[in-house]
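The structure under discussion appears below in the form of structure tokens.
Computed from a prediction, not measured in an experiment: that's the story for all the values here. Counting starts at 1 for both ligands and their atoms, in listed order.
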Amino acid sequence: MKIDILTLFPEMFSGVLESSIIKRAIEANLVSINIHDYREFSLDKNKKVDDYSYGGGAGMVIRVQPIVDCLKSIKGIETAKKIVTTPKGIKYNQLKAKSLANEKHIVVVCGHYEGIDERIINYVDEEISIGDYILTGGEIAALAIIDSVVRLIPGSLGNNQSNKDESFEEILEYPQYTRPDNFEDLLVPDVLLSGNHELIRKYRRFESLKITFVRRPDLLENLNLNEEDKQMLEKIKNIKK
Ligand code: ADE
């Protein structure tokens, strides 16, 4: 996969892209990531990229020309999936991450607190928000998107098993524990030490359903529940009463 990022703050990406899973995925040639400073495409002699807002108002607006010229300089841009990060975008989720992970080439234009000239929407496929809060710019949103996509590329996580059975695939994840089994009198649930795989499976399914019921009941609405799930949910509803 190829990822291009357009930003005014290239330095914000170095630490994240040079660490952990993303670094490994780059080294293993599973992904190549290029950062573009679109200020370089400004035609202004001082490399200014913003200007006054038509219609008036205090804020400035990022001009569309430097971004579009930067986009046009990217090889294969025509067929790339192009997104812009903005709080007014469609809300990002795991389903969207999976769909982006199937792309060969993603281009992310980082939004900016001043706002970008609306005509940018003619040059991108989608506007994406990572949640209902306002960041100072789209860079952190772009990083969140890239991180969630790269880890889904087959081979990027050491153990292929690791991105199964996890929160948001369907329901929230069950609690996990590791050694020691007693930490300051906080004990690991007995069932996990029992070695009984069927009991452990049931315990984990029950705990997943329970935390989902309490925190994210919306996720249960579209879930295909089997008979065992339904019985567990009945029990969970009774605990709550
Ligand atoms: N830029 C500022 N806030 C944002 C958000 N929540 N999602 C995406 N881009 C943003």
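- Remark: ligand 1 and G131 share an N or O pair separated by less than 3.5 Å (distance only, no angle test).
- For atom 9 (N) of ligand 1, the nearest protein heavy atom (residue, atom name, distance) is T86 N, 3.2 Å.
- From the protein, the heavy atom lying nearest to atom 1 (N) of ligand 1 is P87 CD, 3.4 Å.
- Nearest heavy-atom pair, E103 versus M1, reported as atom, atom and distance to 0.1 Å: O-CE, 3.2 Å.
- Between the side chains of E127 and T86, no donor N or O sits under 3.5 Å from an acceptor N or O.
- Salt-bridge annotation for R63 and D50: absent, with no side-chain N of the basic residue lying under 4.0 Å from a carboxylate O of the acidic one.
- Close approach of ligand 1 to T85 is summarised as follows: ligand atoms under 4.0 Å from at least one heavy atom of the residue are 9 (N).
- No side-chain donor from either of T85 and Y92 sits under 3.5 Å from a side-chain acceptor of the other.
- The shell of residues lying under 4.0 angstrom from ligand 1, judged by heavy atoms, excludes G89.
- Checked by atom type and distance alone, the side chain of R24 pairs as donor or acceptor with a backbone atom of S156 at under 3.5 Å.
- Counting heavy atoms under 4.0 Å from ligand 1, residue T136 does not touch it at all.
- When atom types are taken as modelled, the side chain of K91 and the backbone of G89 share no donor-acceptor pair closer than 3.5 angstrom.
- Close N/O approach between I130 and ligand 1 is found [any backbone or side-chain N/O within under 3.5 Å].
- Ligand 1 is never approached by G111 to a heavy-atom distance shorter than 4.0 Å.
- In terms of protein heavy atoms, atom 6 (N) of ligand 1 is closest to Y133 O, 2.8 Å.
- With hydrogens and angles disregarded, no donor-acceptor distance shorter than 3.5 Å links the side chain of S53 to the backbone of M60.
- Counting heavy atoms under 4.0 Å from ligand 1, residue A141 touches it through the side chain alone.
- For ligand 1, the atoms lying closer than 4.0 Å to a non-hydrogen atom of I128 are 8 (C).
- Looking at I83, L135, D132, it is L135 that brings a heavy atom closest to atom 2 (C) of ligand 1.
- For E234 and N238, the side-chain atoms include no donor-acceptor pair closer than 3.5 Å.
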